[in-house]
Structures are given as C-alpha cells and as structure tokens.
Amino acid sequence: MGSNTFVTVKTANGIEYQQPTGLFINNEFVPSISGKKFAVENPSNEDHIVDVYEAEEADVDVAVDAAEKVFDSWANEQPKKRGLLLSRLADKIEEHADVLAAIESTDNGKTLNMAKGDVGLVVDVFRFYAGWADKIYGDVIETDPDHFSYTRREPLGVVGQIIPWNFPLLLASWKLGPALATGNTVVLKSAESTPLSALYLANLVKEVGFPPGVVNIISGFGKTGAYIASHMRIKKVAFTGSTATGRFVMKAAATSNLKKVTLELGGKSPHIIFEDADLETAVEAVRVGIFFNSGEVCCAGSRIYVHESVYDDVVKLFKAKAEQSAPGDPFEKTSWYGPQTSRIQLDRILQYIEEGKKEGAKLLTGGKRIDRKGYYIEPTIFTDVNENMKIVKEEIFGPVVTLTKFKTVDEVLQMAHDTQYGLAAGIHTQNLSKALHVANSLHAGTVWINTFNDFHAQVPFGGYNQSGTGKEMGKEGLDAYTQVKAVRIGGITKH
Ligand code: NAI
Ligand code: MG
C-alpha cells in the first residue's frame with residue numbers, strides 16, 4: 001500500500017528523488033478519502049512541480065484516530081527510546097540534507113544556501129530535544145511530615161500543529177521535536193504552498209522506526225487547519241502564521257474543547273543603530289535582518305531606526321548593500337535571495353509598496369517586481385516615513401524596509417513600542433550599559449545585540465503582545481507539551 005503515491009521529481013541542481021504525495025497517516029502514505037489533490041508550484045519559474053493529496057475533515061479524523069490509538073503506548077514508552085528515535089531522525093536528516101535543501105528551494109523559493117542553513121538548524125533542533133526526552137522531571141515538594149507530595153510532567157495527548165510556508169521544514173522541527181520528546185502524538189498540517197519537505201521528512205520518520213500513528217503529516221488548506229483547531233479530540237494546537245489566523249485558531253480552541261494553544265504570529269520588529277555602533281557590522285545585520293529569506297520572516301527587522309548622527313552614513317552604506325543583494329534563481333550561487341513563495345504574497349507586497357509611495361514615503365531604492373518569470377521583488381528601502389504610515393505599521397513580509405532617524409534612547413524606545421507586535425528587536429552599539437538598558441526595556445520576546453535573525457536550538461523564541469503566546473526551541477519549548485499532575489499522599493504517621 002502507498003507506493004503509488006510517490007512521484008519522481010528532479011530538482012534544478014540535478015537531484016532525482018521520490019516525492020511522497022499522499023497523506024502520512026499511521027506510517028503509510030495514503031490518498032485522501034475524497035481523492036482530491038492540489039497543485040504545488042515552484043515560485044522561481046511558476047512551473048508545476050507535482051500534485052499532492054488534500055486532507056479534509058474526514059482525513060483529519062482518520063489521522064486523529066491513529067494518533068489517539070498509539071498515544072498510551074507512546075506516552076509510556078521509555079523516555080530514552082523516544083530520545084533515541086529523535087536522535088536517529090536527526091542523523092537521517094543530516095544524511096538527506098542535500099535533497100531536503102533542494103526540495104525546500106524548489107517549493108519555497110529560498111536559495112539553496114539558506115535552505116541548507118535551515119536543514120542544519122532542523123538537525124540541531126531534533127538533537128536538542130532528543131537530549132531532553134529523558135530529562136523531563138517533576139518535583140518532590142516538602143510540605144509537612146504527614147504528607148508526601150510530588151509532581152509529574154505528563155504529555156497532553158494528540159496535538160495538532162499548523163505551520164506556514166516561509167520555513168516549512170524548520171517549523172516542522174520546532175513543532176515535532178518538543179511534542180515527541182515529551183510523549184505526545186501529532187497531527188501536523190503543512191502550508192498549502194509548501195507541502196513537499198514535510199512529506200519527505202515523514203518518510204524519514206518512518207524509516208528510523210517511530211511507531212505508526214505517532215507522527216501524522218497531512219497537506220491541506222486553511223479550512224483543514226480550522227478543523228484541527230476546533231477538533232474535540234485534539235488536546236493542544238500549536239500554530240505559526242498570521243496574527244489574523246492566530247485569532248481564529250484561539251477562538252476555535254475556545255469554542256470547541258478549550259484545547260491548549262500556542263501561537264507564533266507576525267511581527268514588525270525594530271532594528272536600532274546607535275551612534276556608537278560598528279557601522280559595517282550593523283549595516284550587514286540590517287541587510288540580513290530584512291532581505292534574508294526574501295523578507296518572509298516573522299521576526300524580520302522591518303523598521304530600521306538610525307541615530308541622526310550616523311543616519312547619512314547608514315543610508316549610503318545600506319543603499320549600496322541593498323543594490324548588491326539582488327534576488328535570483330534559488331539554485332544560482334549569485335542570488336542573494338530567491339522569489340517570494342507565491343503569487344499571493346508577491347501581490348500583497350507590491351500593494352504595500354504602492355501604498356508607501358501613495359502615503360508620501362521616499363523610495364530610496366528598489367520597489368519593483370523583476371521582469372522575468374517567477375515572483376521576484378527588488379530589495380526595497382523607504383525613507384522619509386512617519387509612524388502612522390501603513391508600511392511602518394503593518395507586516396509586509398517581503399524585502400521591504402523603512403528607515404527612520406532618531407535623537408534619543410527614549411524617543412527610539414517609544415517608536416519601537418508603537419506597534420501591536422512584540423516578536424523581536426535588534427540593537428547595535430558598542431556601549432554595554434546602553435545595550436543592556438535598551439534590551440531590558442524593549443517589549444519583545446527576542447532581543448539581538450550586534451547580530452540579527454540569529455537562531456539557536458537552545459535559545460527560546462516567541463513573541464510578546466500580539467506576536468503570540470508560548471515559546472518554541474530552548475527548554476521553554478517543552479512547557480507547552482506537558483501538563484503538571486500534582487500527587488499528594490496523606491496519612492504518613494509515626495510507626
Ligand atoms: P496564514 O496564517 O493564513 O497561514 C498559515 C497556516 O495556517 C497555513 O498552514 C494555512 O493553511 C493555515 N490556516 C489558514 N487559515 C486557517 C484557519 N482559519 N485555521 C487554522 N489554520 C489556518 O498566513 P498566509 O495567508 O499564508 O499569509 C498571510 C500573511 O501572514 C503573510 O503575508 C504574513 O504577513 C503572515 N505570515 C506570518 C508568518 C510567521 O512566520 N509569523 C508565516 C506566514 C505568514
Ligand atoms: Mg510552492
């Protein structure tokens with residue numbers, strides 16, 4: 001069963017592989033119940049790659065059945081066994097790194113270099129959580145001589161996970177790693193524009209020997225995500241995506257079975273250059289902060305604030321760097337970034353650029369779609385903006401950034417905080433006490449000092465305010481996947 005759902009695909013760098021297209025349920029790739037499929041597109045040339053099966057409500061139910069059935073045995077499995085499987089999965093991903101990176105570049109459009117970086121972090125994340133599997137402890141609580149009290153950290157059950165298209169494989173690892181280490185079983189839905197790498201990962205999950213039903217990976221649209229969020233037998237939902245959809249997910253959880261919710265949502269992260277910064281380093285970080293991954297990054301440093309005394313220098317340096325950061329084919333070494341992931345995103349971004357011009361912002365460089373097949377947008381910088389403009393307020397999710405001058409620390413903090421979001425922030429200064437004061441003051445879940453977009457499996461990530469709730473990666477990433485049971489034994493008397 002299942003082998004008929006594989007299709008041979010050849011990537012632009014000549015890797016030929018078997019792409020699973022079925023729904024991964026109970027360790028088998030199966031057609032959807034309706035038999036419906038949808039098309040997967042390569043955004044670098046608008047070519048059709050393959051069709052994959054589309055999960056709808058009935059398919060989610062089958063996946064939940066599978067995950068529910070195996071839950072008790074998986075939850076009671078020796079922790080070291082769960083750790084071993086995660087560790088083997090990390091090894092397997094490392095072995096398949098080249099094909100996984102090529103799949104990601106083909107489906108999402110990110111450059112091969114960036115895709116390889118993602119795969120490296122995916123390996124780290126699975127290894128990190130493999131190490132945690134046998135270190136999940138409760139406490140012994142001393143209350144009085146007549147009682148013995150302790151806590152256990154238990155898994156929740158079947159968890160639903162919904163991921164977006166900007167880091168398809170990486171975000172699957174952020175979700176699966178902690179859920180599996182702690183003994184939950186999973187139904188994960190990939191994003192409709194990038195389902196391929198998660199299906200390839202599913203094949204590796206099976207190969208290393210995870211029991212059937214522990215990991216289920218399905219492809220499908222938003223309505224299938226909505227069904228997961230409102231499912232009565234799913235005990236927790238972890239979502240990454242837009243703030244608007246995050247609101248739906250939380251509401252669906254509230255009106256169904258009050259499942260636990262973690263959300264990693266949008267951002268409009270400030271990136272601040274002080275007068276005493278090393279300007280070369282700062283401007284390079286600013287470039288990485290906004291053009292990395294075509295600007296399709298939730299924590300992108302999309303609002304740049306520069307101290308007035310170095311503003312003109314930064315404008316000059318950054319403009320030159322932006323103009324040397326041209327996008328191109330993801331498999332070409334000279335491409336600084338690739339296309340946007342879909343036509344919808346391309347159109348959204350171009351719309352924001354038009355709004356910016358209409359609102360009177362000055363286009364320092366870029367601003368246009370590149371005249372070729374595929375969804376490429378020039379590196380785009382706006383100056384002469386004010387805090388009320390749409391391009392300063394709203395998440396653009398593309399290679400578009402605004403530059404603003406400031407005079408004092410208080411002024412820049414006030415501008416930094418003038419947002420509904422609070423995902424990340426960046427600071428550049430050589431002054432340690434200023435760096436710490438500003439880092440402590442910023443309303444953001446992550447603060448980068450003299451670096452940006454700098455992720456590590458050991459370091460937790462997750463937003464303040466409307467950028468979300470809960471953390472991923474780090475030891476904090478485990479919290480959302482366990483619940484604490486308190487046990488209290490009475491009647492301990494003297495014998
Ligand atoms: P989205 O948030 O709608 O999609 C993300 C995921 O949620 C996909 O898997 C989608 O199928 C699923 N989904 C859609 N509607 C759902 C619902 N009602 N219930 C449950 N799941 C649902 O984001 P979209 O439309 O792809 O992108 C729109 C904007 O969202 C982007 O321009 C960007 O600003 C932001 N975004 C932020 C991301 C982040 O990393 N924080 C990632 C992707 C998008
Ligand atoms: Mg695609």
Side-chain angles (χ1 to χ4, degrees), residues 9 19 38-52 54-55 60 103-110 160-168 170-172 174-175 188-198 217-231 234 237-253 256 261 263-269 293-300 302 330 338-352 374-375 394-398 400 421 423-424 445 453 461-463 466-468 472:
V9 172
Q19 174 65 52
F38 64 93
V40 184
E41 185 194 34
N42 177 340
S44 73
N45 52 19
E46 304 173 43
D47 282 353
H48 170 249
I49 310 168
V50 72
D51 287 339
V52 297
E54 176 186 343
V60 172
I103 294 171
E104 206 74 321
S105 290
T106 307
D107 193 0
N108 161 283
K110 64 178 71 200
Q161 305 185 319
I162 303 166
I163 58 173
W165 39 263
N166 51 341
F167 293 93
L170 182 60
L171 294 179
W174 290 17
K175 301 259 179 295
L188 179 144
K189 188 191 84 62
S190 56
E192 52 271 40
S193 47
T194 56
L196 301 186
S197 56
I217 296 182
I218 59 178
S219 317
F221 291 84
K223 63 180 174 20
T224 303
Y227 186 63
I228 290 174
S230 61
H231 204 284
I234 289 180
V237 62
F239 170 81
T240 301
S242 63
T243 294
T245 303
R247 255 183 246 287
F248 279 114
V249 167
M250 198 173 236
K251 203 163 160 189
S256 56
V261 180
L263 302 172
E264 202 264 272
L265 309 175
K268 192 75 183 173
S269 298
N293 213 50
S294 317
E296 294 172 339
V297 182
C298 48
C299 53
S302 50
Q340 307 312 127
T341 296
S342 63
R343 181 177 291 276
I344 300 177
Q345 287 304 310
L346 173 92
D347 291 342
R348 277 179 55 113
I349 297 161
L350 293 173
Q351 179 73 34
Y352 272 114
Y375 308 131
E394 296 182 16
E395 180 173 55
I396 299 175
F397 226 63
V400 181
Y421 295 116
L423 196 51
N453 276 343
F461 181 80
Q466 293 182 45
S467 287
E472 298 190 300

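Both counts, for ligands and for their atoms, begin at 1 and track the order of listing. Here, residue 1 is the first one in the sequence, and each next residue gets the next number. The basis for the numbers below is simple: all heavy atoms, side chains too, and nothing from hydrogens, waters or symmetry mates. It should be emphasised that the depicted structure is a prediction, and the values quoted were computed from it without experimental measurement.
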Can you tell me the protein heavy atom closest to [atom] and the distance?
{"atom": "atom 5 (C) of ligand 1", "result": "T240 O, 4.0 Å"}
{"atom": "atom 32 (O) of ligand 1", "result": "Q345 OE1, 2.9 Å"}
{"atom": "atom 9 (O) of ligand 1", "result": "I163 O, 2.8 Å"}
{"atom": "atom 16 (C) of ligand 1", "result": "T245 CG2, 3.2 Å"}
{"atom": "atom 7 (O) of ligand 1", "result": "F239 CE1, 3.2 Å"}
{"atom": "atom 11 (O) of ligand 1", "result": "E192 OE1, 2.7 Å"}
{"atom": "atom 33 (C) of ligand 1", "result": "F397 CG, 3.4 Å"}
{"atom": "atom 34 (O) of ligand 1", "result": "E395 OE1, 2.8 Å"}

In sequence, state the C-alpha distance, the side-chain angles, and the governing distance for T240 and K175, and then conclude on side-chain hydrogen bond (donor to acceptor under 3.5 Å, both in side chains).
CA-CA 9 Å; T240 301; K175 301 259 179 295; 2.7 Å; yes
Between Q19 and I103, does a side chain to side chain contact (heavy atoms under 4.5 Å, CB included) hold up when you go through it step by step?
CA-CA 9 Å; Q19 174 65 52; I103 294 171; 4.2 Å; yes
With only distance considered, is [X] within less than 3.5 Å of ligand 1 through an N or O on each side?
{"X": "V249", "answer": "no"}
{"X": "L265", "answer": "yes"}
{"X": "G241", "answer": "yes"}
{"X": "K189", "answer": "yes"}

From [atom], work out which of [options] has a heavy atom at the shortest distance.
{"atom": "atom 21 (N) of ligand 1", "options": "S467, P195, S190, G225", "value": "G225"}
{"atom": "atom 26 (O) of ligand 1", "options": "Y227, F221, F248, W165", "value": "W165"}
{"atom": "atom 29 (C) of ligand 1", "options": "P164, S242, S193", "value": "S242"}

Between the side chain of [X] and the main-chain N/O of [Y], is any donor-acceptor distance below 3.5 Å?
{"X": "T341", "Y": "N108", "value": "yes"}
{"X": "E395", "Y": "G267", "value": "yes"}
{"X": "T224", "Y": "G220", "value": "no"}

Is at least one protein non-hydrogen atom found at under 4.0 angstrom from atom 13 (N) of ligand 1?
yes
Looking at atom 40 (O) of ligand 1, tell me if a protein heavy atom falls under 4.0 Å from it.
yes
Determine whether the aromatic ring centres of residues W174 and F461 are separated by less than 6.0 angstrom.
yes
Close aromatic pair by centroid cut-off 6.0 Å: F397 and W165:
yes
Write down the atom of S294, the atom of G338, and the distance for their closest heavy-atom approach.
OG-O, 3.1 Å
With a 4.0 Å cut-off on N to O distance, would you call E104 and K110 a salt bridge?
no
Would you call R343 and E41 a salt bridge, taking side-chain N to carboxylate O under 4.0 Å as the test?
no
Contact atoms of ligand 1, heavy-atom distance to C298 under 4.0 Å:
39 (C), 40 (O), 41 (N)
By atom name, which N, O or S atom of E41 is the nearest to the Mg ion (ligand 2)?
O
Check contact between F167 and ligand 1, using heavy atoms of the residue and a distance below 4.0 angstrom.
no
Kindly compute the distance separating OG (S467) from NZ (K268), expressed to the nearest 0.5 Å.
12.0 Å
Residue pairs meeting salt bridge (Lys or Arg N to Asp or Glu O under 4.0 Å), one or both in residues 220-230, sequence neighbours left out, come to E54-K223, E56-K223
Is the distance from the Mg ion (ligand 2) to some N, O or S atom of T106 under 2.8 Å?
no
With the Mg ion (ligand 2) as the apex, the OD1/O angle for D107 and S193 - to 10°:
80°
Tell me if the CZ atom of F38 is crowded by more than 12 foreign heavy atoms within 6.0 Å.
yes
